[in-house]
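When reading the values below, keep in mind they use all heavy atoms of this one structure, side chains included, and skip hydrogens, waters and symmetry mates. Worth saying up front: this structure is predicted, and the values here are computed from it rather than measured. Both counts, for ligands and for their atoms, begin at 1 and track the order of listing.
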Amino acid sequence: MARAAERLKLVLNHLDRPPFCFQASSTSSQHVGYPQPHSFRYTFDNDILSSEQRLAYEENGFIVIKGLVAEEDINRFREIFERICRREVKVPGLVVMRDVSIVKSEFIPEQKAVSKLQNFQEEPELFRYCSLPQILKYVECFTGSNIMAMHTMLINKPPDTGKKTSRHPMHQDLHYFAFRPSDRVVCAWTAMERINRQNGCLVVLPGSHRGTLKEHDYPEWGGDVNKMYHGIRDYDPNSPRVHVEMEKGDTVFFHPLLIHGSGMNKTQGFRKAISCHYASADCYYIDVTGTSQENIAEEVKGIAARRLGADTSVTFQDIWAIRGRLVQGNRTNL
Ligand SMILES: CCCCCCCCCC(=O)SCCNC(=O)CCNC(=O)[C@H](O)C(C)(C)COP(=O)(O)OP(=O)(O)OC[C@H]1O[C@@H](n2cnc3c(N)ncnc32)[C@H](O)[C@@H]1OP(=O)(O)O
Ligand SMILES: Nc1ncnc2c1ncn2[C@@H]1O[C@H](COP(=O)(O)OP(=O)(O)OP(=O)(O)O)[C@@H](O)[C@H]1O
Ligand SMILES: O=C(O)CCC(=O)C(=O)O
Ligand SMILES: [Fe+2]
Ligand SMILES: [Mg+2]
């Protein structure tokens with residue numbers, strides 16, 4: 001990869017934008033004629049990603065595609081989100097999460113309490129996001145052509161109440177996943193409005209996807225932390241990091257080993273993003289018993305058992321298989 005890195009630097013010296021940021025384009029006309037490096041590990045060769053974009057993902061573990069999702073689509077996602085918050089729509093399997101500082105306070109009206117929706121795979125309007133052709137076109141570059149939507153989320157990061165609970169600690173999403181190989185998994189995360197450092201943008205450690213899965217646990221921040229918001233145990237706050245500021249409709253694709261989190265929301269608005277984790281349907285489930293993932297698997301099983309009525313025979317793998325939905329090609333394995 002050293003040669004690829006050198007070449008990337010040469011390319012980037014001529015850019016007037018961040019090295020991981022690209023315009024959405026429906027053609028391959030932006031391909032640049034650089035010779036192909038010998039081996040790509042994280043991306044497939046097709047007509048969607050330019051060599052430059054492939055190199056950026058291989059090197060950094062993420063790329064931002066500007067303006068990928070239309071304003072009208074985002075407005076529709078926002079509308080249905082608001083209807084769900086008002087409880088006008090019931091969605092099977094949906095998990096509505098409230099910020100821990102709000103759960104423990106009595107004076108917040110319901111519609112201002114929701115910090116996250118998870119598992120909206122049964123809500124057609126929101127799930128439309130996961131099937132948007134322009135998103136899947138990019139996803140295929142990382143997963144290949146059989147694509148499963150494994151995990152769906154709409155994040156409504158609340159204004160911080162002063163307790164810093166709106167932060168999301170630095171983590172790797174793979175910690176939560178019982179399927180492999182990790183290189184055939186990708187997250188698409190779309191800004192539903194302008195997202196900057198003020199309202200708590202994503203913070204990433206570029207290149208960290210080339211490392212291994214780290215141990216995760218609740219961060220020791222000396223206050224309440226949100227349920228299941230595990231952070232990397234030995235996180236070094238001095239690691240070189242990048243704040244990924246995005247406009248409405250911009251979409252970041254990132255590897256599940258990329259270390260990322262998000263900062264405090266210092267504004268009065270609820271900062272919104274919608275995301276889906278995809279995996280190749282050719283991936284396989286793993287048993288995480290005896291690994292660093294055992295802590296989250298036990299926690300998830302505990303919550304599932306409480307919801308489903310204490311059926312303890314449901315495994316962590318089962319929970320993933322139940323949620324997964326095919327969005328392209330054949331459901332070969334997962
Ligand atoms: C496999 C799963 C995740 C896959 C993620 C892929 C990568 C993404 C990385 C992440 O997003 S990490 C964060 C993921 N977070 C979650 O998955 C949390 C999902 N949320 C939930 O499951 C529920 O919202 C939760 C269990 C937290 C609350 O469910 P309920 O609405 O049924 O809770 P209820 O009101 O009955 O409260 C139960 C207890 O939880 C407490 N609680 C509620 N919300 C909380 C919160 N946000 N933080 C901490 N505790 C919370 C609440 O105070 C109460 O405590 P006590 O039993 O002591 O009274
Ligand atoms: N000790 C820690 N362990 C894990 N993650 C941390 C730790 N400290 C900060 N973070 C994470 O680092 C990221 C950046 O957080 P931080 O609160 O510094 O926001 P910021 O965007 O840098 O804003 P600010 O302008 O306030 O510095 C967030 O994901 C946050 O949760
Ligand atoms: O703050 C965000 O929107 C990102 C959250 C995140 O990384 C996650 O839920 O896995
Ligand atoms: Fe994450
Ligand atoms: Mg900071």
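If you number the atoms of ligand 3 from 1 as listed, the ones under 4.0 Å from a heavy atom of H171 come out as 6 (C), 7 (O), 8 (C), 10 (O). Under a 4.0 Å criterion applied to the non-hydrogen atoms of W189, ligand 3 contributes the atoms 2 (C), 3 (O), 4 (C). Under a 4.0 Å criterion applied to the non-hydrogen atoms of M153, ligand 1 contributes the atoms 11 (O). Within ligand 3, counting atoms from 1 as listed, the ones closer than 4.0 Å to a heavy atom of M153 are 8 (C), 9 (O), 10 (O). Distances below 4.0 Å separate heavy atoms of F177 from the following atoms of ligand 1: 6 (C). Short contacts between ligand 3 and K116, defined as distances under 4.0 Å to a heavy atom of the residue, involve ligand atoms 9 (O). Residue-ligand proximity, I155 to ligand 3, at heavy-atom distances under 4.0 Å covers atoms 3 (O). Below 4.0 Å from some heavy atom of Y229 lie the following atoms of ligand 1, by number and element: 13 (C), 15 (N). The contact set between ligand 3 and R271, taken as ligand atoms under 4.0 Å from a residue heavy atom, comprises 1 (O), 2 (C), 3 (O). Near S262, meaning under 4.0 Å from one of its heavy atoms, ligand 3 places the atoms 1 (O), 2 (C). Close approach to D173 involves these atoms of ligand 3, each under 4.0 Å from a residue heavy atom: 10 (O).
The nearest protein atom to atom 44 (N) of ligand 1, hydrogens excluded, is given as V103 CG2, 3.5 Å; this is a heavy-atom distance. Annotation: atom 33 (O) of ligand 1 to nearest protein heavy atom, R306 NH2, 4.4 Å. At the shortest separation from atom 12 (S) of ligand 1 among protein heavy atoms lies Y176 OH, 3.1 Å. For atom 16 (C) of ligand 1, the nearest protein heavy atom (residue, atom name, distance) is Q118 NE2, 3.0 Å. Atom 29 (O) of ligand 1 has R307 NH2, 3.4 Å as its closest protein atom, hydrogens excluded (heavy atom only). Atom 47 (N) of ligand 1 has its closest protein heavy atom at R98 O, 2.7 Å. The protein heavy-atom contact nearest to atom 21 (C) of ligand 1 is V95 CG1, 3.5 Å. The shortest contact between atom 5 (C) of ligand 1 and any protein heavy atom is with H151 CE1, 3.4 Å.
Taking only nitrogen or oxygen atoms, main chain and side chain alike, M170 reaches within less than 3.5 Å of ligand 2. Remark: ligand 3 and H277 share no N or O pair separated by less than 3.5 Å (distance only, no angle test). Residue contacts with ligand 1: K116 is placed with a nitrogen or oxygen under 3.5 Å of a nitrogen or oxygen of the ligand (distance criterion only). In terms of N/O distances under 3.5 Å, ligand 1 is approached by N226. Taking any N or O of Y235, backbone or side chain, none lies under 3.5 Å from an N or O belonging to ligand 2.
For the pair R325 and F127, the cation-pi criterion (under 6.0 Å, within 45° of the ring axis) is not fulfilled.
Under 4.0 angstrom from ligand 2, there are no non-hydrogen atoms of P219. For V100, heavy-atom contacts with ligand 1 shorter than 4.0 Å involve the backbone as well as the side chain. The residue M228 has no part lying near ligand 3, judged by heavy-atom distances below 4.0 Å. Neither the backbone nor the side chain of E299 has a heavy atom within less than 4.0 Å of ligand 1. When non-hydrogen atoms are compared, ligand 3 lies under 4.0 Å from neither the backbone nor the side chain of A273. At a heavy-atom cutoff of 4.0 Å, ligand 1 is contacted by the side chain of I303 but not by its backbone.
L334 is not listed as a side-chain neighbour of W320, based on a closest heavy-atom distance of 4.5 Å or more. Side chains of K272 and E193 form a contact here, defined as non-hydrogen atoms less than 4.5 Å apart. The shortest side-chain heavy-atom distance between R210 and Y42 falls under the 4.5 Å cut-off. Using a 4.5 Å cut-off on side-chain heavy atoms (C-beta onward), H255 and D183 make contact.
Using a 30° and 60° split on the angle between ring planes, H277 and F177 fall in the perpendicular class, above 60°. A perpendicular orientation is assigned to the rings of Y285 and F179, their planes being inclined by more than 60° (bins at 30° and 60°).
Taking a distance limit of 4.0 Å, we find that atom 37 (O) of ligand 1 is approached by no protein heavy atom. In this structure, atom 26 (C) of ligand 1 has a protein heavy-atom contact shorter than 4.0 Å. Proximity of atom 53 (O) of ligand 1 to the protein is indicated by at least one non-hydrogen atom lying closer than 4.0 angstrom. Within the 4.0 Å cut-off (strictly below), no protein heavy atom is located near atom 57 (O) of ligand 1.
Of the candidates H230, K227, H168, it is K227 that places a heavy atom closest to atom 49 (C) of ligand 1. For atom 7 (O) of ligand 3, the choice among H168, K272, H260 with the nearest heavy atom turns out to be H260. Closest to atom 23 (O) of ligand 2 by heavy atom, among R167, K266, Q198, is K266.
Put simply, no part of Y176 is less than 4.0 Å from ligand 3, judged by heavy atoms. Not a single heavy atom of K164 sits under 4.0 Å from any atom of ligand 2. By the 4.0 Å heavy-atom criterion, H175 is excluded from the residues contacting ligand 1. At least one heavy atom of R323 sits under 4.0 Å from some atom of ligand 1. Within the 4.0 Å heavy-atom shell around ligand 2 one finds R241. Taking a 4.0 Å cut-off on heavy atoms, V96 registers as neighbouring ligand 1.
When Y278, Y57, F40 are each tested for a ring pair (Phe, Tyr, Trp, His ring centres under 6.0 Å) with F142, only one passes: Y57. Partner R323 forms a side-chain contact (heavy atoms from CB on, under 4.5 Å) with one of Q118, E122, Q121, M148 and no other, that one being Q121.
In terms of the side-chain hydrogen bond (donor to acceptor under 3.5 Å, both in side chains) criterion, residue partners of E298 (sequence neighbours excluded) are, by chain and number, K301. Taking N333 as the reference, Y284 meet the side chain to side chain contact (heavy atoms under 4.5 Å, CB included) condition, with sequence neighbours excluded.
For the pair R167 (side chain) and S262 (backbone), a donor-acceptor distance under 3.5 Å is absent. Side-chain atoms of E125 do not come within 3.5 Å of backbone N or O of F81 as any donor-acceptor pair.
For the atom pair H168 NE2 and L202 CG, the distance stands at 10.0 Å (nearest 0.5 Å). Rounded to the nearest 0.5 angstrom, S208 OG and N60 CG are separated by 9.5 Å. Rounded to the nearest 0.5 angstrom, F77 CZ and F120 CZ are separated by 8.0 Å. How far CD1 of I195 is from NZ of K157: 9.5 Å, rounded to the nearest 0.5 Å.
Nearest approach of I135 to V69, heavy atoms of both residues: CD1-CG2, 3.9 Å.
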